[in-house]
Every structure is written in structure tokens, then in C-alpha cells.
J.: 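Sharing a structure here in C-alpha cells format.
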Amino acid sequence: MNRVVVSREFRARVTQTALSWFSSFHLSRCVHSLPFATVEAEEISGSLPAEVHNIVKGKWTKSSTWNTIVDPLNGEPFIKVAEIDETGIQPFVDSLSKCPKHGLHNPFKAPERYLMYGDISAKAAHMLSLPKVADFFTRLIQRVAPKSYQQAYGEVYVTQKFLENFSGDQVRFLARSFGVPGNHLGQQSNGFRWPYGPVAIVTPFNFPLEIPVLQLMGALYMGNKPILKVDSKVSLVMDQMMRLLHYCGLPVEDVDFINSDGKTMNKLLLKANTRMTLFTGSSRVAEKLAVDLKGRVKLEDAGFDWKILGPDVQEEDYVAWVCDQDAYACSGQKCSAQSILFMHENWSKTSLLSKMKDLAERRKLEDLTIGPVLTYTTEAMLEHANKLLQISGSKLLFGGEPLEDHSIPPVYGAIKPTAIYVPLEEMLKENNYELVTREIFGPFQVVTEYKKDQLPLVLDALERMHAHLTAAVVSNDPHFIQEVIGNTVNGTTYAGLRARTTGAPQNHWFGPAGDPLGAGIGTPEAIKLVWSCHREIIYDIGPMPKQWELPPST
């Protein structure tokens, strides 16, 4: 998922607020200043490694097996994760099996828990609004998934606003029912939102706070008992967030938290017979889970996300800046990152590409506006670039080189923000299309150009894509916008001059479309779709018709 882009004004305000607060209060580096925390982000090191534990049956537990995580900036072992192997899953299976199919609460059972979760959300939102707590999680995110302070803080901000949104009575409003008059007196049909019971959540590395918290709380709001697995490289963030939620009143038995590899988690899901699993991550794993779990999944998988620049050229500096943010913020490690840019020929006559190049080149490792890529090596990304450059007419626009003067371990990738031009006609050729539309989860994008009569070719390219997460139509021409939107399917599509591909604030749906397994995140609609199902109760209490007689068989 991913996925926070903030305006220049907001970024400036965040930075100024943080600097003012630091100068006024001189933050103590003592973890005891935060009542829930067991680590201090900047003190984690090889000599003082952090530990990540598990939760099962309401208790924090360790493991006989420790997975050592290296610092993505210098390669130093700095986190020890207590990972569960296949021999240790039974307690988690037993814990989930204790939750009935009708959940921990529902509209007819323990409805006071809806109010309880409204209170928990209010307390957790307040905690994250405190500068000291917000800074703690921002810097913790930076340590495990390096990104700029503003990008990491944006993740904390969205999470805090989400929790605010579901404070007070808002949780019970998620379970709002409806009634339809029946055929006769005393009959009425009522629709209710019903939990699944034991469920699972599997989330990726790139948003270690926002994605797991929003999906976890959505599952809990609707009455489910979830088991949560986060990528071990970043699970320290949710280890600390779970402790904050417990501090805010979350019952310790309501959530199990496990660290394991993918194979172990797959076996646990099959053995525990979870009623629903939310998976955010790669399409390959998503497709395997859909088969293994017989379709009892909701998927927020990868996306080769496109942006189309329409024929009306305006606000060139702004459009260039958004393109840079969409493609290269968080080093391109967002499921919503701009993967391909379709430029109308009118834009090709401007200085847009040179401005994008200038913006890309001002990114630097020192402030983490560019940083390590955690799922692709440098060699793999450069190899892909070289393959694209073998296509007739293609050319390197900028980048295409390793980062210099760094200590990023070779297990991770480190390249300069890269853009490669591929002619539209060449892209559409059968032997090129799959290569061009391969998602590289890093600071990498493809750029192409279309002429005024080639929009059908662009729409054909979009139709052939298989992952339809985010998209942008950058134009204020209403007829052009209608044409593109009417012939595409991406679940989160921005349209207008300020359109982008990234950005998942708490106030709008974020998720793919065109797939019945597609999941959403953040909004009431997303929570109800993913974490509850429809149940119909038909009341038929009479009275009986006067002089009723036994009718003949039919």
C-alpha cells in the first residue's frame, strides 16, 4: 500500500512544528519518558539491539529462534526478532480456534465492545497526537524502512487521524443495520454487518505502521479476532504500537501477533482455518493465498500504476514536482508509486522532463529523500534497466546508476532515481509489453509519449495490465477525463490538474478494483467490505390470520 504525499505547505508546517518543539523541550532520549515503549529509536545498534516478541493468548512470548535484522543503512545487526517456526504454531492455532464464527462481538452479542473500541481509538489517537510519541514512531519507521522525516511522519499522521475518525460512537455506526417491510403484519427483513470470527492480517514492509494499524483496528471494530503478521524487517514498529494499544485499553487477548517466515504463516493459516485473511503485498503471493485459502481472502496487492498527462499543458512546475514525488518518494517503495508516465505530445514540447530530472537529482541519502530498496538489489534494478534499453528507440532520461558513497549492505538496492523512455508502439509489442510493465519496487519509472490520435493505444495498454490499484489523469479537460475514466478500472484514481498516483489519507478509499477479492483500507466502506459480511434476519412474529386453516400441500 502506500502511500502518503503531503503538500509543500503541510511539509513545511510539519518540519517547523517539529523543530520548534525540539528546541522548546529538548527531548529526553530515555525510553521511560514513554510509558509503553521498550526501545529508543536512535539508540538501537549492534551493541544495544532491539528485540521483537510475539503475542499469543494474551501474553508476550519469545522464541527459541531469533532472526537478526541488519540496519538497512549500514549493515549492522541491530534488531533480533523472535520468529516462530512450523513447530511452534499450535498455540496460535489454539488461540484462534477459541474465537467462534460469530466473533467476539456483533449487533446481538456484547455490543458494549463497540463503545470500548471507540474509547480505545480516542486514547490511541490522543497518544499519537503528542509530539513526543509522534516523533518516536516517525524515527522508528525511519530506522527500519528508511524514508524522509516528512514521509515517515505522514504515515503517523494518517494513522492518528484514522483513529480520531473512529472514536466515540463511530465504531458502532460501522454496524448500522437496515430494515425492509415484509409481506404481512409482523414480518420484517433486517440486514446486519456480521464479523467473520478468527481472521488474519499479513502486511508488507513499506508502511510498517499505517497499513497494519488501519487493517487491524478495522478487523477489531467489526468483532473479529485477528492474528497479525508484519514483515519481520519492520515488525519492531508494530511491536511498539501493540504496547501502545494495550496501554490505551486494548484487551491483550483480542489480538495475536506473530513473527515468522512466509512458509510458516501459510501453514498456520491452513491449520487454523481462518475465516478471512487480508493480504497486502506482492501479486505472486496473493495469487497463491487465493488458491490455498479457497478464496477466503481480500487482497490489496501490487500495482503497476500509471499516470496520463492530458493535452492541456499548465502549471508545469507543479506537475513536475508531483511526478517526482509519485515516482521517487520513499525511494519508490509504495504500492501506489508512479510506474509509468504517458505524456501527451504537447507536454513533450515543454521542459517537463528536464525539470523532473533536476528534481530527481536533488534527492540525497543524507536526508533519506532517496535510500535503500529493501526488495531489489542494485544489480537486479540495473539489469532491468539494461533490458529496457535494448528496446528499439528507448533511452535513459536520467539515473540508471548506483548510489555513491554509502554503506547500504549489498543485500539491499541503492540506485539513483531512474527514468527510461520507451516508445509507445514498441511498448505495445507482444515481446516487450510484459518487460515494460514489470513492477520494480524502487525509484524507477518508464516514460512514454502519445500523439493526439493515439489515446486508444494508451487505453489498450492500460486494459492489458493486470493490477489495477492507483492511477492519475492529469488534466482539467472534462471530456478527456471522461474518456479515460470511462475506459479504465483502477480502484483509486485521481483526476484533474492536481492528480497524483500516491497518497492514502484517512478520508478516502484506497484499494484496487476489477477483482472481487480486492480490499480497501481507511474508510467505513473499506472496513465494512473487508472485515464484515452481510447477514439477514427475517422477523416473522405474527399475528396469525383469523380463521387460519391448514392448506393443501403444494
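Source: prediction; values computed, not measured.
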J.: Examine R464 relative to Y433 and say whether NZ or CZ is less than 6.0 Å from the centre of the six-membered ring and inside a 45° cone about the ring axis.
T.: yes
J.: State whether F207 and K147 meet the cation-pi test: NZ (Lys) or CZ (Arg) under 6.0 Å from the six-membered ring centroid, and within 45° of the perpendicular axis.
T.: yes
J.: Does any N or O in the side chain of S351 come within less than 3.5 Å of the main-chain N or O of S354, such that one atom is a donor and the other an acceptor?
T.: no
J.: Going by the angle between their ring planes, with limits at 30° and 60°, are Y450 and F480 parallel, tilted or perpendicular?
T.: parallel
J.: Would you kindly say whether Q445 and Y328 are connected by a side-chain donor-acceptor distance under 3.5 Å?
T.: yes
J.: Distance only, no hydrogens: is a donor on one side chain within 3.5 Å (strictly under) of an acceptor on the other, for E155 and Q151?
T.: no
J.: Pick out which of T470, T501, N490 makes a side-chain hydrogen bond (donor to acceptor under 3.5 Å, both in side chains) with W306.
T.: N490
J.: Tell me whether the count of non-hydrogen atoms from other residues, nucleotides or ligands lying under 6.0 Å of CD in E361 goes above 12.
T.: yes
J.: Does NE2 in H126 sit with more than 12 non-hydrogen atoms of other residues, nucleotides or ligands closer than 6.0 Å?
T.: no
J.: Return yes if some donor-acceptor pair links the side-chain N/O of Y494 with the main-chain N/O of K307 below 3.5 Å, else return no.
T.: no
J.: Please report the shortest heavy-atom distance between L368 and P146, naming the atom on each side.
T.: CD2-CB, 3.9 Å
J.: Suppose we screen for side-chain hydrogen bond (donor to acceptor under 3.5 Å, both in side chains). Which residues come up paired with S232, at least two apart in sequence or across chains?
T.: E83
J.: State which residue, out of L457, L459, D453, fulfils the side chain to side chain contact (heavy atoms under 4.5 Å, CB included) condition with L455.
T.: L459
J.: Please name all residues satisfying ring-ring contact (aromatic ring centres under 6.0 Å, His included) with F162, sequence neighbours left out, ordered by chain then number.
T.: F166
J.: Answer yes when D305 and K334 have at least one side-chain N-carboxylate O distance shorter than 4.0 Å, and no when they do not.
T.: no
J.: Test side-chain hydrogen bond (donor to acceptor under 3.5 Å, both in side chains) on E316 and W347; report intermediate values, then the result.
T.: CA-CA 9 Å; E316 187 179 317; W347 283 95; over 6 Å; no
J.: Please say whether the positively charged group of K233, taken as NZ for Lys or CZ for Arg, lies over the ring of F205, i.e. under 6.0 angstrom from the six-membered ring centre and within 45 degrees of the axis.
T.: yes
J.: With a 3.5 Å cut-off and sequence neighbours excluded, list the donor-acceptor pairs that the side chains of residues 411-422 form with protein atoms.
T.:
| residue | atom | partner | partner atom | Å |
| --- | --- | --- | --- | --- |
| K416 | NZ | E401 | OE1 | 2.9 |
| T418 | OG1 | G400 | N | 2.8 |
| T418 | OG1 | K416 | O | 2.7 |

J.: Do you know which two heavy atoms are closest between L228 and P212, and how far apart they sit?
T.: CD1-CB, 4.1 Å
J.: Please say which of V319, D326, D324 ends up in a side chain to side chain contact (heavy atoms under 4.5 Å, CB included) with V322.
T.: D326
J.: Should the pair K387-E383 be classified as a salt bridge under the 4.0 Å nitrogen-to-oxygen rule?
T.: yes
J.: What's the shortest heavy-atom distance between E449 and Q454, and which atoms?
T.: O-OE1, 4.3 Å
J.: Does a donor on one side chain and an acceptor on the other come within less than 3.5 Å for T369 and D367?
T.: yes
